[in-house]
Protein chains: 2
Amino acid sequence: MSAQVKEPLSGPVWTVRELADELGVTTRTLRFYEAEGLLAPLRVGTSRRYTARDHTRLVLILRGKRFGMSLPEIREILEMYDGVDSGAATGERAQLTSLIERLGQIRADLQARRDDLDRTLAEVETVVLGCRRRLVELEEEDQR
Amino acid sequence: MSAQVKEPLSGPVWTVRELADELGVTTRTLRFYEAEGLLAPLRVGTSRRYTARDHTRLVLILRGKRFGMSLPEIREILEMYDGVDSGAATGERAQLTSLIERLGQIRADLQARRDDLDRTLAEVETVVLGCRRRLVELEEEDQR
DNA sequence: TCGTCTCTTGACGTTTACGTCAACGTCAAG
DNA sequence: CTTGACGTTGACGTAAACGTCAAGAGACGA
């Protein structure tokens, strides 16, 4: 077993509202993500207590969403994130290598998306240049 | 009026199926995009004829979608794309400058998305490294 | 002329990612 | 002890982006 430092059992915690307000989502969204297996807050009675882990995951979730990842896609990455330092489950070498392979696919996918994004950015720049050029044309027409 | 070169009136054209198959979408999608004002194929009788312009726009649409742009967002960019070299409509300097300003916002938005994407890519790399490290640990455990 | 193909326009169904109630528990302040 | 403020679980509604029929028009080879 790798030397794991047991958390002091009580780090910072958030209520639904606190976490929702801090990261700019609704409580409904948090409960929805929990139902989808993306978050797993503790319970005090019936009430949810979100830990730093949930906080981190939510940041990652929102980040992924902003450039078009679906919740299932995001969940897959989060689960891999768990899998690794929790000892890769009963993860022998085979598990780990297939995990690495899958991560390679994911990386390729993300890089493809970034290429698309960059190309679109380039297009936008082209339009800007077109606008500027047109402006110059107007100036010249005026000065004649 | 800027010197416009009238297209030879007949460049390459596609039927729905041809265009759909070439870019990997369904005909339904093409008609949907048309209804949303993203494409505007010619008509021969009741039948659609997609031109190079439609082809180009569809490429841009699909590109934008891949990293999370909504159809309204994409449409806005496409319309700007038109607006510029079609003389910016009745676009005086004011129109052009506000257009450039809007394009600046869009560029900032896209760059923010790319930052999120890059951060996510970095996270994925971190997980990969974790996997590799774990693999090395297993090797060491074996050799003892 | 008869299928067969491909096209057309509705119109309703589906999935994702939540929004929006309703109805109820609970806990501290007044 | 009641009143909010905050929490909970359903359950249904909704917007975006198409999917999936249904029913019919037009062309085209046998």
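Note that this is a predicted model, so its numbers are computed, not measured. Numbered from 1 within each chain, the chains take letters A, B, ... in sequence-line order.
- The side chain of Arg43(A) contributes an N or O atom lying less than 4.0 Å from OP1 or OP2 of dT9(D).
- Arg49(A) comes within 4.0 angstrom of nothing in the nucleic acid, heavy atoms only.
- Between Thr27(B) and dC7(C) there is no side-chain polar atom (N or O) within less than 4.0 angstrom of OP1 or OP2.
- Residue Arg28(A) places none of its side-chain N or O atoms closer than 4.0 Å to OP1 or OP2 of dT20(C).
- Between Met69(A) atom CE and dC18(C) atom P the separation is 14 Å, expressed in whole Å.
- Within the structure, every side-chain polar atom (N or O) of Arg31(B) is placed at least 4.0 Å from both OP1 and OP2 of dT8(C).
- In the hydrophobic clustering of ILVMFWY residues, with side-chain heavy atoms under 4.5 Å counting as a link, Val25(A) and Val59(A) come out together.
- Remark: Glu101(A) CD is loosely packed, at most 12 non-hydrogen atoms of other residues, nucleotides or ligands lying under 6.0 Å away.
- In this structure, Trp14(B) atom CH2 and dC7(C) atom P are separated by 15 Å, rounded to whole Å.
- For dC18(D), the OP1/OP2 oxygens have a side-chain nitrogen or oxygen of Lys65(B) closer than 4.0 Å.
- Considering only side-chain atoms of Leu71(A), the nucleotide from dT9(D), dA17(C), dC7(C) that sits closest is dA17(C).
- Note on Thr29(A): every side-chain N or O is 4.0 Å or more away from OP1 and OP2 of dA17(C).
- Distances shorter than 4.0 Å separate some side-chain N or O of Arg48(B) from OP1 or OP2 on dT9(C).
- Distances shown here put every side-chain N or O of Tyr33(A) at or beyond 4.0 Å from the OP1 or OP2 atom of dA17(C).
- Salt-bridge check for Arg93(B) with Asp142(A): passed, with a basic side-chain N closer than 4.0 Å to an acidic carboxylate O.
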Q | Verdict with supporting geometry, Glu34(B) and Arg31(B), salt bridge (charged side-chain N to carboxylate O under 4.0 Å, His left out) | A | CA-CA 5 Å; Glu34(B) 181 179 352; Arg31(B) 282 194 327 238; over 6 Å; no
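- In this structure, Glu34(B) places its CD atom 8 Å from P of dT8(C), rounding to the nearest Å.
- Computed from coordinates, the Leu58(A) CG to dC18(C) P distance equals 10 Å when rounded to whole Å.
- At whole-Å resolution of the value, CG in Leu62(B) and P in dA17(D) are 13 Å apart.
- The partner of dC18(C) is dG13(D), judged by Watson-Crick or G-U wobble contacts that both fall below 3.5 Å.
- For the pair Arg17(A) CZ and dA5(D) C1', the interatomic distance rounds to 11 Å; values are reported in whole Å.
- None of Ile106(B), Leu103(B), Ile100(B), Ile77(B) except one satisfies the side chain to side chain contact (heavy atoms under 4.5 Å, CB included) rule with Val127(A); the exception is Leu103(B).
- With a 4.5 Å cut-off on side-chain heavy atoms, Leu62(A) and Asp116(B) do not count as touching.
- Relative to the side chain of Phe32(B), the nucleotides dG19(C), dA17(D), dT8(D) differ in distance, and dA17(D) lies closest.
- For the pair Leu42(A) CG and dT8(D) P, the computed distance is 13 Å after rounding to whole Å.
- Of the nucleotides present, dT2(D) is the one that pairs with dA29(C) by Watson-Crick or G-U wobble criteria, both distances under 3.5 Å.
- Checking dC7(C), dA17(C), dC18(D) against the side-chain heavy atoms of Thr15(B) singles out dC7(C) as nearest.
- In this structure, the CG atom of Leu39(A) is 14 Å from the P atom of dA17(C), given to the nearest Å.
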